[in-house]
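Atom set for the values below is all heavy atoms of this structure, side chains included, hydrogens, waters and symmetry mates excluded. Numbered from 1 within each chain, the chains take letters A, B, ... in sequence-line order.
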Amino acid sequence: MKVYLKDGSVREYDKPVRVIDVARDIGQGLARCACAGEIDGKPVDLRTEVPDGSTVNILTFEDDYGRDAFRHSASHLLAQAVKRLYPNAKLAIGPPIDNGFYYDIDREEPFTPEDLAALEKEMQRIVKENIPIERFVCSREEALDRVKKEGENYKAELIENLPDDAEISFYTQGEFCDLCAGPHLMETGQLKAFKLMSLAGAYWRGSEDNKMLTRIYGTIFPSKKELKAHLERLEEAKRRDHRKIGRDMELFMMNDDGPGFPFFLTKGVTLKNTLIDYWREIHLRENYQEIQTPMILNQRLWETSGHWAHYRENMYTTTIDDETYVIKPMNCPGAMLVYNSKPHSYRDLPYRLAELGTVHRHEKSGVLHGLMRVRCFTQDDAHIFMTHDQMIDEIKRIVRLIDEVYLLFGFKYHVELSTRPESSMGSDEDWEHAINGLKQALEEMELNYVVNEGDGAFYGPKIDFHLEDSLGRTWQCGTIQLDFQLPERFDSEYIGADGERHRPIVIHRVAFGSIERFIGILIEHFAGKFPTWLAPEQIRILPVSDKFYEYGETIKKQLVAAGFRAEFDDRDEKLGYKIRAAQKDHIPYMLVVGADEEESGTISVRNRDKRAQTTITVDDFIQAVDKEIIDRQIELIDFSDGQSES
RNA sequence: GCCAUUUUAGCUCAGUAGGUAGAGCGCAUCCAUGGUAAGGAUGAGGUCGCGGGUUCAAUUCCCGCAAAUGGCUCCA
């Protein structure tokens with residue numbers, strides 16, 4: 001028989017071969033790191049027999065499918081160790097994930113960190129034993145019989161839920177046997193470089209109504225070196241954590257008396273205001289009108305909007321003169337009242353009402369996370385009233401605006417389209433119309449997106465923009481939500497060209513999303529080293545000694561007068577100490593002043609990215625940095641580059 | 001909300017087999033007047049998360065609560 005390889009070459013065999021045999025035939029090195037295979041482009045297990053005339057490709061850890069197989073085998077390794085040490089533990093599921101794997105386990109006694117150490121040891125033993133991993137298939141009845149005999153009730157449930165035509169396979173390694181679709185490695189010996197990372201609770205089948213199991217997370221790589229590199233990346237991510245940087249740079253703080261309610265310190269407020277200035281600038285350009293609606297409004301209004309029925313559990317309330325009032329969790333009802341406060345002509349549409357609205361939402365205590373997930377945040381909200389015909393163009397316009405904003409900061413993002421959730425209002429036709437509108441806009445703009453079934457708002461479907469934090473976790477920031485319901489409920493209208501009353505459509509949209517969350521992302525993205533235009537402290541003046549305090553102060557005055565955020569370090573310390581401090585505070589520009597500078601009326605500039613310094617006049621410095629800030633550049637100016645060292 | 005872990009000085013963290021605690025950084029004062037990533041000396045700082053219980057005595061042991069961290073579920 002003939003087998004074709006990826007490179008076009010042909011191998012001939014006189015008896016049937018499996019994928020792993022082809023790998024061995026190509027080379028022992030490849031066979032050693034083979035994780036899975038591909039036959040005619042279809043991913044397969046290494047044990048799969050190769051049909052005559054097919055094309056075979058060997059997948060390793062470098063390939064997505066191979067990497068999953070590798071990590072999946074690691075989760076079996078963990079499960080085997082668990083069953084050896086704790087025979088009564090029941091296994092649930094154990095898939096590969098980004099950067100590792102996990103296994104969900106049901107055990108009477110809780111696992112402790114010491115158990116993890118013991119498990120790691122046992123896993124190492126199994127690796128050393130280099131146990132062959134084998135696969136077999138059986139009928140549904142045999143499979144059920146087998147797992148039930150072992151008391152593995154979760155596995156039984158899994159089997160019962162498999163589709164009728166599914167092939168039911170098991171993988172065994174030594175005494176351990178697990179229901180699994182595969183693929184897997186050939187033996188346990190390859191799984192050397194792993195580490196169990198953490199314990200967590202996880203609901204069986206992801207539902208809050210089910211029992212909580214213990215999830216053990218682990219990570220694994222083909223070599224110790226790669227594992228070490230990964231652990232170092234995690235350490236680096238920890239250093240970028242916005243909660244740590246936020247505290248160190250005095251941007252914001254938290255306090256037990258207000259869980260989920262961040263306090264912004266003066267530097268954090270500067271950062272926030274700078275973002276808001278930028279936001280106003282682009283929204284003015286885009287013909288938005290800024291409004292502000294009340295923080296507290298009567299319960300009746302929230303019944304009209306549907307929030308009372310669909311969003312009650314997230315809302316804080318208060319009582320005024322024996323009536324219930326709601327502390328707004330969203331800005332939309334207020335915007336509806338503003339729109340309805342006067343008649344509108346079709347000529348006014350799209351009518352764009354923007355609002356930096358601070359909202360309060362009751363979030364479950366366990367979900368709070370620094371600035372990323374809080375109970376009080378400011379949305380850069382807008383509600384756009386328009387005709388059906390304007391819908392697609394308006395959505396595209398907003399997508400472009402959000403893209404412009406994210407591009408300015410150098411963010412990568414991905415887009416999700418969320419459809420109708422269970423608790424929602426409106427007719428199926430409206431929902432379909434709205435979803436198709438969003439899809440059409442995305443497709444016309446040739447934007448890739450994933451569909452998130454059932455994840456829309458209760459009043460309409462949405463497009464979400466997700467940004468990454470330092471650990472690669474993604475957070476929803478921008479969103480565009482289509483709404484046919486609120487105009488109906490609030491009886492909103494406009495007068496058309498025909499002189500008749502018509503119902504407008506509403507778009508809810510945010511670009512930053514929550515300004516707090518956006519700041520969290522910004523901090524981690526830049527690791528605290530903000531571009532100059534955003535930096536709370538842009539320039540720090542460092543006198544060589546107290547003899548030059550006076551000169552330093554004059555420089556500071558000039559800079560402040562020119563509109564910069566400049567500080568003067570008058571601590572009784574040596575220059576090296578002050579530079580180190582400014583560096584750790586991530587100050588973009590350090591200006592050293594001493595005898596030479598005072599005499600020539602200059603400053604020595606040093607930026608935080610480079611050790612080099614250059615002596616220039618204050619005017620030259622002001623001019624250059626002013627332009628940098630106006631252009632909102634990400635990179636600092638390198639004064640040592642192309643500038644004369646006069 | 002659920003599971004696990006954690007909570008000691010402004011920050012990072014030691015420590016007490018039950019006898020009211022310690023380091024580094026930071027801060028203050030003094031000396032040194034210094035030229036591009038930490039000069040030296042001295043000193044101040046803690047109700048050991050909060051509330052109960054056991055005990056002659058609790059920061060330490062037990063119980064409850066709160067908050068934080070990592071997840072799950074839920075959402076900007």
Side-chain angles (χ1 to χ4, degrees), chain A residues 102 104 110-113 115-116 197-217 238 241 243-244 247-248 250 253-260 311 313-314 329-330 357 359 361-381 418 421 455 457 462 464-467 471 473 475-479 481 508 510-518 520-521 542-549 571-584 590-597 604-606 608 610-613 615:
Chain A
Y102 67 76
D104 283 349
F111 281 94
T112 64
D115 291 335
L116 286 193
M197 303 297 285
S198 62
L199 287 164
Y203 299 108
W204 166 237
R205 298 186 148 247
S207 167
E208 231 174 339
D209 304 326
N210 291 340
K211 186 171 183 184
M212 181 159 273
L213 312 171
T214 303
R215 177 169 298 177
I216 302 177
Y217 281 96
K238 243 169 139 181
D241 191 318
R243 291 165 300 187
K244 177 166 173 47
R247 187 170 49 235
D248 290 349
E250 297 182 358
M253 57 173 256
M254 293 291 179
N255 183 280
D256 281 4
D257 283 329
Y311 206 67
E313 57 183 21
N314 284 293
M330 294 189 195
V359 296
R361 297 181 184 176
H362 181 69
E363 299 289 348
K364 290 177 181 175
S365 58
V367 306
L368 303 177
H369 181 89
L371 291 181
M372 303 296 199
R373 189 80 182 267
V374 292
R375 287 176 171 152
C376 167
F377 57 99
T378 300
Q379 294 182 301
D380 62 320
D381 216 344
S418 297
D455 215 30
K462 55 179 188 165
D464 293 330
F465 295 77
H466 291 250
L467 297 175
L471 281 173
R473 293 178 292 208
W475 299 88
Q476 184 189 314
C477 290
T479 175
Q481 312 183 345
H508 310 236
V510 291
F512 294 145
S514 137
I515 296 180
E516 287 73 7
R517 176 177 289 182
F518 199 80
I521 301 270
L542 314 177
V544 170
S545 82
D546 57 11
K547 286 180 193 155
F548 313 106
Y549 280 15
R571 286 177 300 180
D572 212 0
E573 297 288 351
K574 288 195 170 183
L575 183 59
Y577 179 94
K578 291 181 186 181
I579 286 176
R580 184 166 190 269
Q583 199 72 45
K584 290 185 88 172
M590 291 161 247
L591 307 185
V592 174
V593 291
D596 301 343
E597 289 79 8
S604 283
V605 190
R606 171 186 170 125
R608 71 180 166 216
K610 280 203 152 186
R611 279 169 182 248
Q613 61 272 334
T615 304

Expressed in whole Å, how much space separates the [atom1] atoms belonging to [N] and [M]?
N	M	atom1	result
G64(B)	U16(B)	P	26 Å
C30(B)	U69(B)	C1'	43 Å
C13(B)	U7(B)	P	10 Å
G15(B)	G26(B)	P	24 Å
A21(B)	G46(B)	P	13 Å
G51(B)	U60(B)	P	12 Å
U47(B)	A38(B)	P	35 Å
A68(B)	C63(B)	P	23 Å

Quick one: is [X] getting a side-chain N or O under 4.0 Å of the [N] phosphate, OP1 or OP2?
X	N	answer
Lys462(A)	A76(B)	yes
His369(A)	G71(B)	no
Gln613(A)	G35(B)	no
Arg571(A)	A28(B)	no

Is a side-chain N or O of Asp380(A) found less than 3.5 angstrom from the main chain of Ala511(A), in a donor-acceptor match?
yes
Heavy atoms only, 4.0 Å cut-off, all strands: where does [X] land among base, sugar-phosphate and nothing?
X	answer
Tyr217(A)	sugar-phosphate
Val374(A)	base
Asp464(A)	nothing
Asp596(A)	base
Glu250(A)	nothing
Met590(A)	nothing
Gly594(A)	base
Arg247(A)	sugar-phosphate
Ser207(A)	nothing
Ala595(A)	base
Arg243(A)	sugar-phosphate
Arg608(A)	nothing
Val510(A)	nothing

Check for me: is Tyr577(A) stacked on G39(B) by the 5.5 Å centroid and 30° plane-angle rule?
no
Under the side-chain contact (heavy atoms from CB on, under 4.5 Å) test, residues paired with Tyr311(A) that sit two or more places apart:
His307(A), Asn314(A), Met315(A), Pro329(A), Met330(A), Arg361(A), Phe458(A)
Can you name the side-chain contact (heavy atoms from CB on, under 4.5 Å) partners of Val544(A), sequence neighbours left out?
Phe548(A), Leu575(A), Val592(A)
Can you sort out the partners of Tyr217(A) under ring-ring contact (aromatic ring centres under 6.0 Å, His included), two or more places apart, ordered by chain and number?
Tyr102(A)
Less than 4.5 Å apart, side chain to side chain, heavy atoms only: is that true for [X] and [Y]?
X	Y	value
Ser418(A)	Asp464(A)	yes
Arg375(A)	His362(A)	yes
Tyr549(A)	Pro543(A)	yes
Met372(A)	Glu516(A)	no

Separation of [X] atom [atom1] from [N] atom [atom2], in whole Å?
X	N	atom1	atom2	result
Lys574(A)	A38(B)	NZ	P	11 Å
His362(A)	C74(B)	NE2	P	16 Å
Asn210(A)	C72(B)	CG	C1'	12 Å

Let me confirm one number: the [atom1]-[atom2] distance from [X] to [Y], rounded to the nearest 0.5 Å.
X	Y	atom1	atom2	value
Lys238(A)	Arg243(A)	NZ	CZ	10.5 Å
Arg373(A)	Leu368(A)	CZ	CG	8.0 Å
Met212(A)	Ser207(A)	CE	OG	10.5 Å
His369(A)	Trp475(A)	NE2	CH2	5.0 Å
Arg517(A)	Phe377(A)	CZ	CZ	7.5 Å
Asp104(A)	Lys211(A)	CG	NZ	12.5 Å

Short N/O separations, protein against nucleotides 2-4 of chain B, under 3.5 angstrom:
residue, atom, partner, partner atom, Å
C3(B), O2, Gly201(A), N, 3.0

So, is G39(B) syn or anti if syn means the angle is within 90° of 0?
anti
Nearest to the side chain of [X], heavy atoms from C-beta on, is which of [options]?
X	options	answer
Gln379(A)	A67(B), A76(B), G35(B)	A76(B)
Asp546(A)	U33(B), C75(B), U36(B)	U33(B)
Ile579(A)	C75(B), U36(B), G70(B)	U36(B)
Glu573(A)	A37(B), A76(B), G39(B)	G39(B)

Determine, for Lys547(A) against Glu597(A), whether the closest basic-nitrogen to carboxylate-oxygen distance falls under 4.0 angstrom.
no
So, does the side chain of [X] form a donor-acceptor pair with the base of [N] at under 3.5 Å?
X	N	answer
Glu363(A)	G1(B)	no
Arg205(A)	C72(B)	no
Arg611(A)	U36(B)	no

Taking only nitrogen or oxygen atoms into account, show me every contact under 3.5 Å that the protein makes with nucleotides 41-52 of chain B, one pair per line with its distance.
none

Counting Watson-Crick and G-U wobble pairs with both distances under 3.5 Å, what is the dot-bracket string for RNA chain B, 5' to 3', using [ ] for crossing pairs and | for pairs to another strand?
(((((((..((((.....[..)))).(((((.......))))).....(((((..]....))))))))))))....
Nearest-nucleotide wise, let me know which of Arg606(A) and Ser514(A) is further upstream toward the 5' end of RNA chain B.
Arg606(A)
5' priority, RNA chain B, between Val544(A) and Arg517(A) [closest heavy atom]:
Val544(A)
Do you know which two heavy atoms are closest between Cys477(A) and Val510(A), and how far apart they sit?
O-CG2, 3.6 Å
